[in-house]
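Structure, as structure tokens:
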Amino acid sequence: MDNQEEKIGFKSGEPNSVDELEKKLPGKPLRVFAKLFTIFGVIFSSVTIMYYLLPIFSFIIGFMIGAVITAFMVVSVVLTLGGVLTFEGYRSWIGNHMYDVPSFFFNVGENSVKLMPYFYVAAIPAIVLTSLGLLLGIIGQAKYKRCVGYIVTNAVFLTLAVFFTFLFIATGIPF
């Protein structure tokens, strides 16, 4: 057999790229919407879990916000060559109010009552988006046999979001 001849099962020429292969798969709009609902559902479910376990995550959140505020202060002073320090309002903010938001999270035990009404802003979208992602994953698996990852991911995060929402409703207070 000559090397120039095509072999059975192989095609000569350029190999197909991943994008070309994905375009050939059936159900692209369904997969796109399932992916979007899954991504946003996971984000909102993670926020719901973190919100309920806020006393555990409060130090991490306070530290991250404090680091961002400190970086903003340093960058603003460096980029203006210290000129920003000539403004009374900026000096007052640095001296008196710069760490008000991070200290709010460091004292989350005292401040959790202020945050309680906002739990449902994260919980309801988490449940709705993961439910829609799960439904689209089930439909995609039934029709196209390519959506198991969406089903598993959405099922896990839907279970976690519902669990922490029920805990919040039952106890009325975060962890």
Side-chain angles (χ1 to χ4, degrees), residues 18-19 21-23 25-76 93-175:
V18 175
D19 293 333
L21 292 174
E22 281 204 7
K23 285 180 184 176
L25 289 176
K28 176 135 175 112
L30 183 114
R31 286 184 288 117
V32 167
F33 282 111
K35 186 181 289 186
L36 285 174
F37 287 139
T38 300
I39 289 170
F40 287 113
V42 166
I43 291 169
F44 277 105
S45 294
S46 300
V47 170
T48 302
I49 294 165
M50 286 180 64
Y51 191 100
Y52 185 79
L53 301 174
L54 194 57
I56 296 171
F57 289 102
S58 65
F59 179 76
I60 297 169
I61 294 170
F63 180 75
M64 289 185 338
I65 292 172
V68 168
I69 290 173
T70 302
F72 171 76
M73 181 198 65
V74 169
V75 168
S76 66
W93 175 74
I94 287 177
N96 300 324
H97 304 292
M98 185 171 81
Y99 288 113
D100 287 349
V101 174
S103 66
F104 177 85
F105 282 99
F106 287 133
N107 299 329
V108 77
E110 300 167 7
N111 299 316
S112 63
V113 175
K114 297 175 187 173
L115 294 173
M116 283 178 61
Y118 302 109
F119 178 79
Y120 298 107
V121 172
I124 292 172
I127 293 171
V128 169
L129 291 172
T130 53
S131 297
L132 288 172
L134 182 62
L135 178 68
L136 289 177
I138 291 170
I139 292 170
Q141 183 63 25
K143 280 187 164 185
Y144 308 113
K145 308 283 189 221
R146 302 208 186 274
C147 298
V148 175
Y150 298 127
I151 294 172
V152 172
T153 304
N154 284 305
V156 167
F157 280 97
L158 177 63
T159 304
L160 289 171
V162 168
F163 174 72
F164 284 110
T165 302
F166 280 138
L167 278 179
F168 184 81
I169 291 170
T171 61
I173 55 171
F175 180 71

- Task: Report the C-alpha distance between L136 and F37 in whole Å, list the side-chain angles of each, state the deciding distance to 0.1 Å, and finish with yes or no for side chain to side chain contact (heavy atoms under 4.5 Å, CB included).
- Result: CA-CA 9 Å; L136 289 177; F37 287 139; 3.4 Å; yes
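- The shortest distance between side-chain heavy atoms of F44 and V121 does not fall below 4.5 Å.
- The closest donor-acceptor contact from the side chain of T48 to the backbone of A161 lies at 3.5 Å or more, if one exists at all.
- Contact of the L158 side chain with the S45 side chain is not registered, since no non-hydrogen atoms from C-beta on lie closer than 4.5 Å.
- One finds the CD1 atom of I127 at 10.5 Å from the OG1 atom of T159 (value rounded to the nearest 0.5 Å).
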- Item | Candidate pair F157 and S46, rule side chain to side chain contact (heavy atoms under 4.5 Å, CB included), full reasoning | CA-CA 8 Å; F157 280 97; S46 300; 4.0 Å; yes
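- The shortest side-chain heavy-atom distance between I69 and W93 falls under the 4.5 Å cut-off.
- T153 places no side-chain N or O within 3.5 Å of a backbone atom of Y150 that could act as its donor or acceptor partner.
- Side-chain contact between Y52 and L167: present, with at least one pair of heavy atoms (C-beta onward) separated by less than 4.5 Å.
- Closest approach of L134 and I151 over heavy atoms only: CD1-O, 3.5 Å.
- Aromatic ring orientation, F168 versus Y120: perpendicular (interplanar angle above 60°, classes split at 30° and 60°).
- A 4.5 Å side-chain heavy-atom check between T165 and F119 finds at least one atom pair inside the cut-off.
- When every heavy atom of C147 is checked against every heavy atom of R31, the shortest pair comes out as SG-CG, 4.3 Å.
- Counting only N and O atoms by type, the side chains of T38 and N154 include a donor and acceptor under 3.5 Å apart.
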